[in-house]
Amino acid sequence: MASNKKVITIPYHPRPFQKRLHNSLRRFNVVVAHRRFGKTWFALSEMIDRAFRNPLRNPQYAYIAPNYGQAKRVAWDILKDFLKVFGKSVEFFERELRADVTLGDKRYRFILMSAENPDAARGMYLDGAVLDEFADQPKEMWTKIVRPMLSDRNGWVIFISTPKGRNAFWEVYDYAKNQMLEDPNSSWFCALYTIEDTKILPEEEIAQLKKDMLDEEFRQEYMCDFDVALANAIYSKEIAQAHEEGRITNVPYDQNVPVSLSFDIGMDDATAVWFWQIAGKEIHFIDYYETQGKGFPEIVKDLKAYPYVYDFVYLPHDAKVRELGTGLSRLESFENLNLVKRGNVIVVDKVDPIDGIHLVKKIFNKFWFDERRCYKGLDLLKMYQREFDPMKGVYKKQPKHDKSSHAADSLRYFAVAYYRHLRTIRQEDRILEVETDYDIWSV
Ligand SMILES: Nc1ncnc2c1ncn2[C@@H]1O[C@H](COP(=O)(O)OP(=O)(O)OP(=O)(O)O)[C@@H](O)[C@H]1O
Ligand SMILES: [Mg+2]
């Protein structure tokens with residue numbers, strides 16, 4: 001049968017794994033693949049292929065890299081190379097990193113963008129988007145910018161990256177995985193390819209890479225491991241050491257010692273609580289609790305259901321602020337719920353977060369965690385990381401605020417309490433042994 005369709009061939013012949021991916025895609029796609037897999041080639045060629053099959057008027061696509069330099073360096077030449085088969089019909093706008101192909105009265109537009117300047121994209125519609133190296137992009141790039149732009153024209157997306165810890169890329173990958181498990185017809189698709197799956201590089205090159213790279217780097221970049229201790233993870237070294245020294249293990253509740261609690265309180269956000277006991281020079285974290293959207297009465301009810309006898313409760317420094325509505329401070333509201341004796345609810349001093357982190361690091365070698373009951377808290381602590389500054393390409397000193405912050409903040413308040421309050425507490429008629437040579441204000 002005669003067809004009026006014209007075949008245009010771009011200089012790209014998919015490798016077997018790329019081909020398999022092209023054939024598997026759905027509307028929302030998350031691809032985790034090792035370095036040099038051919039991610040960028042794959043994603044740009046898919047974008048072009050879909051564009052010229054798109055029956056809608058003036059299709060428009062965006063390729064988004066973490067920063068402008070990367071977009072230009074990594075994708076611009078490839079895009080130009082792929083599109084130059086259109087000869088006079090294609091126009092390249094070097095400064096905007098934009099290519100327009102005009103065929104008859106239809107215009108196909110391809111724009112390279114950077115996640116550094118997301119607002120530049122607001123208001124546009126997109127038929128499809130590629131978020132390359134998404135592990136280095138802020139989550140909002142997807143949730144606030146790209147996702148709404150896809151709505152008008154039922155647009156699609158491909159997230160493609162190597163992992164970088166359990167950040168937004170991991171979240172979207174995990175989400176896609178669950179969607180696929182729950183519903184075989186889900187509009188989400190995900191895939192993960194390690195170098196052992198693809199064997200794209202020769203054996204000798206892989207062996208050489210293993211020699212040249214840190215073990216963690218190889219696991220992250222070539223084995224697509226999301227759980228590698230990263231340079232930007234704040235407590236990775238301390239947690240790894242605790243693992244090595246067997247301090248993350250079965251840590252039973254000692255019924256002869258009361259349990260104290262360190263809180264991070266979130267009213268709209270999560271509330272996190274570490275349960276701890278002092279055992280000589282050791283600090284035993286025996287449990288962890290986290291909840292979202294509950295008020296104090298419900299939280300205290302939950303805490304009373306645990307089989308522990310409580311001693312002290314430590315609340316964050318802002319607990320003294322009076323709440324609108326009740327006129328009571330959080331401290332007073334908490335005291336009124338009688339979880340512990342009056343006077344045993346203590347508000348910890350305000351300490352700069354960076355100083356607090358130093359305090360935690362300083363005493364981390366005394367910490368023991370119950371592996372099972374503290375699993376969630378520890379998992380969150382592993383994810384606690386510094387904020388990335390995409391403009392400078394470095395990690396800031398300040399921690400990033402995300403879902404791991406609550407576990408980390410409550411532990412920080414524990415550390416402040418340890419230095420500032422615990423020295424005066426008597427337990428079994430014995431003054432606790434604490435370091436006294438440390439001035440937190442000098443950190
Ligand atoms: N289908 C293909 N045919 C021929 N060469 C390819 C193909 N796909 C990728 N390549 C080659 O492999 C190299 C890596 O491709 P690409 O840049 O797309 O990989 P990547 O996974 O994005 O890498 P990185 O992790 O470094 O960003 C490119 O230099 C390209 O020349
Ligand atoms: Mg790439």
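Remember, it's 1-based here, ligands and their atoms both numbered in the order they're listed. Count residues from 1 along the sequence.
Note: F17 and H34 fail the aromatic proximity criterion, with ring centroids not under 6.0 Å apart. You'll find the ring centres of W274 and Y314 outside the 6.0 Å limit. Aromatic pair F369/F364: centroids less than 6.0 angstrom apart.
Annotation: atom 7 (C) of ligand 1 to nearest protein heavy atom, W41 CE3, 3.4 Å. Counting protein heavy atoms only, atom 24 (P) of ligand 1 is closest to R35 NH1, 3.5 Å. Protein heavy atom nearest atom 15 (O) of ligand 1, with residue, atom name and distance: G38 CA, 3.4 Å. Nearest to atom 6 (C) of ligand 1 among the protein's heavy atoms is R15 NH2, 3.5 Å.
Remark: side-chain polar atoms of R107 are not paired, donor with acceptor, to backbone N or O of N58 under 3.5 angstrom. Here the side chain of Q277 pairs no donor or acceptor atom with the backbone of I286 at under 3.5 angstrom. At least one donor-acceptor pair under 3.5 Å links the side chain of R373 to the backbone N or O of V251. Without hydrogens or angle criteria, K164 side chain to Q220 main chain gives no donor-acceptor distance under 3.5 Å. Side-chain atoms of T162 do not come within 3.5 Å of backbone N or O of R35 as any donor-acceptor pair.
Distances below 4.0 Å separate heavy atoms of Y12 from the following atoms of ligand 1: 1 (N). Here is the list of ligand 1 atoms found below 4.0 Å of a heavy atom in F37: 21 (O).
Inclusion of I78 in the set of residues having an N or O under 3.5 Å from an N or O of ligand 1 is not warranted. For ligand 1, the polar-atom distance check finds an N/O of H13 within less than 3.5 Å of one of the ligand's N/O atoms.
Contacts with ligand 1 closer than 4.0 Å are made by no heavy atom of F42, backbone or side chain.
The residues R247 and E238 are annotated as not salt-bridged, no charged nitrogen and carboxylate oxygen being separated by less than 4.0 angstrom.
Residues D287 and Y306 bring no donor and acceptor atom of their side chains to less than 3.5 Å of each other. Remark: the R26 side chain and the S186 side chain contain no N/O donor-acceptor pair separated by less than 3.5 Å.
Ligand 1 is approached by E133 to a heavy-atom distance shorter than 4.0 Å.
Between K39, R36, Q18, it is R36 that holds the heavy atom closest to atom 14 (C) of ligand 1.
For the Mg ion (ligand 2), protein N, O or S atoms closer than 2.8 Å were enumerated as T40 OG1, with waters left out.
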